[in-house]
Colleague: 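Dumping the structure here so I can ask a few things about it.
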Amino acid sequence: MDVIAATEILARSSMQTNVGWIGYIIIGGIAGFIAGKIVKGSGSGILMNVVIGVVGALLGGFILSFFLDTASGGWWFTLFTAVLGSVILLWIVGKFQQSRA
């Protein structure tokens with residue numbers, strides 16, 4: 001891979017959107033709750049939902065930034081991204097917990 005191509009890919013993969021940090025907390029809580037319902041069938045508590053949602057938003061934003069322009073996304077796109085990333089995160093955590101048991 002060319003060095004210039006690699007830096008262009010990394011430059012495109014910024015995880016910034018036009019939603020502020022308070023918006024990330026609100027969207028993170030909603031996304032964590034939705035992802036908990038999808039993966040486990042229940043939420044994980046308000047604080048854990050926010051943590052799962054925010055980390056999932058970062059993960060989902062990073063993954064989708066290789067395919068889409070995530071910086072211009074609004075609230076709904078950020079929520080979709082956060083839910084997608086949170087589901088992926090919970091799935092990975094679930095696989096690690098199953099392998100330990």
Colleague: Would you give the length of the straight line joining atom CZ of Phe77 to atom CG of Leu68, rounded to the nearest 0.5 angstrom?
Modeller: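 Answer rounded to 0.5 Å: 5.0 Å.
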Colleague: Is the shortest side-chain heavy-atom distance between Ile88 and Ile63 below 4.5 Å?
Modeller: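 Ile88 vs Ile63: side chains touch.
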Colleague: State, yes or no, whether a side-chain contact exists between Phe33 and Ile52 at a heavy-atom distance under 4.5 Å.
Modeller: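 No, side chains not in contact.
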Colleague: Kindly compute the distance separating OG1 (Thr78) from CD1 (Ile27), expressed to the nearest 0.5 Å.
Modeller: 5.0 Å
Colleague: Taking the side chain as every heavy atom from C-beta outward, state whether Leu58 and Phe62 have any pair of such atoms under 4.5 Å apart.
Modeller: no
Colleague: For the NZ atom of Lys37 and the CG atom of Leu90, what is their distance to the nearest 0.5 Å?
Modeller: 13.0 Å
Colleague: Scan Leu79, Val83, Val50 and name whichever one has a side chain to side chain contact (heavy atoms under 4.5 Å, CB included) with Ile30.
Modeller: Leu79
Colleague: Between Ala82 and Ser86, what is the shortest heavy-atom contact and its length?
Modeller: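 Where Ala82 meets Ser86 most closely, the heavy atoms are O-OG, 2.7 Å.
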